[in-house]
Amino acid sequence: MSRALIAIHGKADRERVAKWATQAPTGTRVEFKQAKRSLPQNDRMWAMLTDVATQKEHAGRKYTPDQWKILFMHACGREVQFIPALDNATFIPWGQSSSDLSKQEMTDLIEFIFSWGSEHGVVFHDLEPVA
């Protein structure tokens, strides 16, 4: 097996992971991550980013929801760099994708967007509870 992914839901999953670990060749990489963000969380984030993008400006100009996402992720401590585009005329963002966030990290991001938006007069339209 060259690659495997398992979500641990109980004892059987833990036993399978332990078995794989004992059989893995030397040099095998193992990574443990918290559960990924949920689709409802993702939907909420994009709805909120759209509300911010349609209602607010930053540094005197309007930004897209994608651009606001980068601004908020950077504000939450996520590493974001801007690297020169291949044409050397512009810069493009490079950094962690929101799809890599855990449920808790996504909750923190959503709460930050809500807090910032509330302080800046954004009216959010999708405020149903998110799982």
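Tyr63 is not listed as a side-chain neighbour of Lys56, based on a closest heavy-atom distance of 4.5 Å or more. Counting only heavy atoms from C-beta outward, the side chains of Thr28 and Trp20 never approach each other to under 4.5 Å.
Taking Gln81 as the reference, Glu79 meet the side-chain hydrogen bond (donor to acceptor under 3.5 Å, both in side chains) condition, with sequence neighbours excluded. Residues passing the side-chain hydrogen bond (donor to acceptor under 3.5 Å, both in side chains) test with Gln23, sequence neighbours excluded: none. With sequence neighbours excluded, the residues that form a salt bridge (Lys or Arg N to Asp or Glu O under 4.0 Å) with Glu31 are Lys33. Scored by the side-chain contact (heavy atoms from CB on, under 4.5 Å) test, Thr54 finds Thr50 as partners (sequence neighbours excluded).
For the atom pair CZ of Phe72 and OG of Ser98, the computed distance is 13.5 Å after rounding to the nearest 0.5 Å.
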> Where do Trp68 and Asp51 land on the side chain to side chain contact (heavy atoms under 4.5 Å, CB included) test, with the steps shown first?
Replying inline: CA-CA 10 Å; Trp68 278 104; Asp51 286 336; over 6 Å; no
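Only one option out of Lys36, Gln34, Arg78 pairs with Glu105 in a side-chain hydrogen bond (donor to acceptor under 3.5 Å, both in side chains); it is Arg78.
Shown here is Leu86, whose CG atom has no more than 12 heavy atoms of other residues, nucleotides or ligands within 6.0 Å.
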Throw together a table of side-chain donor-acceptor distances under 3.5 angstrom for residues 8-15, partners on residues two or more places apart or in other chains.
unit_1 : atom_1 : unit_2 : atom_2 : d
Asp13  : OD2    : His9   : N      : 2.8

Name the atoms and distances for all side-chain donor-acceptor pairs under 3.5 Å in residues 106-121, with sequence neighbours left out.
unit_1 : atom_1 : unit_2 : atom_2 : d
Thr107 : OG1    : Gln41  : NE2    : 2.9
Thr107 : OG1    : Lys103 : O      : 2.9
Asp108 : OD1    : Gln104 : NE2    : 2.8
Ser118 : OG     : Phe114 : O      : 2.9
His120 : ND1    : Trp116 : O      : 2.7

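Nearest heavy-atom pair across Ala53 and Lys62 is O-NZ, 3.2 Å.
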